[in-house]
Protein chains: 2
Amino acid sequence: MPDLIHDGDSAAAVSSLRSAVMLLGRRLKHQRVDESLSPTEMSVLGTLARCGSATPGELARKEHVQPPSMTRIVALLEAKGLVRLEPHPDDRRQKRVSRTEQAEAMLAESRSKRNAWLANLAEGLDEDEWETLRAAAPVLEKLAHL
Amino acid sequence: MPDLIHDGDSAAAVSSLRSAVMLLGRRLKHQRVDESLSPTEMSVLGTLARCGSATPGELARKEHVQPPSMTRIVALLEAKGLVRLEPHPDDRRQKRVSRTEQAEAMLAESRSKRNAWLANLAEGLDEDEWETLRAAAPVLEKLAHL
DNA sequence: TATTGTTATACTCTATAACTATA
DNA sequence: TATAGTTATAGAGTATAACAATA
């Protein structure tokens with residue numbers, strides 16, 4: 001494995017990346033479409049958008065909450081019409097949780113709002129800076145998923 | 001103002017940046033030194049590291065919490081030896097809150113732990129990718145502060 | 001007997017309303 | 001009279017412990 005990041009410049013870049021990502025992440029999180037959804041409820045919908053469907057237990061593990069908390073979250077999302085619960089085909093103890101069309105529309109609106117906010121912020125950069133960032137976007141995305 | 005980001009490629013880059021920053025931000029947030037500090041307590045210490053010192057009211061506004069919540073947070077931080085409270089020089093209603101040496105050490109350790117985690121993650125990139133990200137770091141930092 | 005999910009209950013964090021002290 | 005901070009109390013979100021149903 002190449003040891004890319006142990007010179008001084010790279011250490012500074014790591015530190016700079018870390019603080020920028022954390023601050024920008026916090027600011028993005030505040031751009032919400034639906035104030036009535038808690039961060040975890042929102043995150044569960046995002047997870048379901050990636051996974052298609054999952055059991056309550058799987059969701060609890062992915063969101064780092066305990067099973068009883070997920071029971072409550074799923075019940076709230078179901079009451080809001082954002083997820084659907086079905087019996088598990090193989091195991092009658094489990095359930096399948098999947099998102100509704102309404103949830104997909106809300107997620108799309110949420111992404112769209114945050115994109116618009118970020119694009120507006122990026123107007124404060126000059127063309128070279130934006131070009132640099134545009135080149136880095138796919139790399140940052142790869143890094144985030146490593 | 002130049003209209004940099006309204007072509008299709010840039011819209012894709014904005015979306016990619018947004019999701020990468022949010023995911024990476026969430027993952028970084030989980031890298032904690034002290035599990036006994038709530039996110040807001042941690043954030044208050046970070047704010048004090050930037051500002052030097054502040055009144056409880058200023059902290060409440062910066063952290064977007066109500067004054068009574070900040071009263072409690074400051075009291076908890078003081079009990080943990082992480083902030084110091086002093087009378088305000090000009091106004092006897094107010095107080096000055098500043099961080100202790102112990103808080104500075106904790107913040108340094110926290111930054112260091114997150115940097116190490118991120119640097120380790122970055123080992124999964126190849127040299128060109130890392131070079132791209134290193135060039136983008138200062139731009140991302142500028143963007144986060146706009 | 002182990003696992004999935006739920007119910008009952010307690011704790012943490014934050015908010016609102018009412019109060020005290022100072023400007 | 002207005003402002004800074006605190007006290008008292010309530011609500012939202014999550015945790016642990018005990019339980020029911022199924023494997």
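FYI, side chains are in, hydrogens and waters are out, and symmetry mates aren't considered; it's all heavy atoms of this structure. Worth saying up front: this structure is predicted, and the values here are computed from it rather than measured. Here is how names work: the chains are called A, B, and so on, in the same order as the sequence lines, proteins then strands, and each is numbered from 1.
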*Assess whether atom NZ of A:Lys62 is packed by more than 12 heavy atoms of other residues, nucleotides or ligands within 6.0 Å.*
no
*asked:* I'd like to compare against my own output: the B/S/- annotation of nucleotides 14-23 of chain C with a strict under-4.0 Å heavy-atom distance to protein.
replied: BBBB---BBS
_Atom-pair distance (CG on A:Leu77; P on D:dA12), nearest Å_ = 16 Å
*Any Lys/Arg nitrogen of A:Glu129 or B:Lys142 sitting under 4.0 Å from an Asp/Glu carboxylate oxygen of the other?*
yes
*Whole angstrom is fine here: how far is it from CG in B:Leu76 over to P in D:dT6?*
12 Å
_For atom CE of A:Met42 and atom P of D:dA12, their distance in whole Å_ = 20 Å
*Is it true that A:Glu58 and A:Arg61 have a side-chain N and a carboxylate O under 4.0 angstrom from each other?*
no
*Please report the shortest heavy-atom distance between B:Ser69 and B:Val65, naming the atom on each side.*
CB-CB, 4.1 Å
*Rounded off to whole Å, could you give me the CD-to-P distance for the B:Glu35 and D:dT14 pair?*
16 Å
*asked:* Rounding to an integer number of Å, can you tell me how far A:Arg61 CZ sits from C:dT3 C1'?
replied: 10 Å
_Heavy-atom count check: over 12 atoms from other residues, nucleotides or ligands less than 6.0 Å from A:Lys29 NZ?_
no
*B:Glu63: what forms a salt bridge (charged side-chain N to carboxylate O under 4.0 Å, His left out) with it, not counting sequence neighbours?*
none
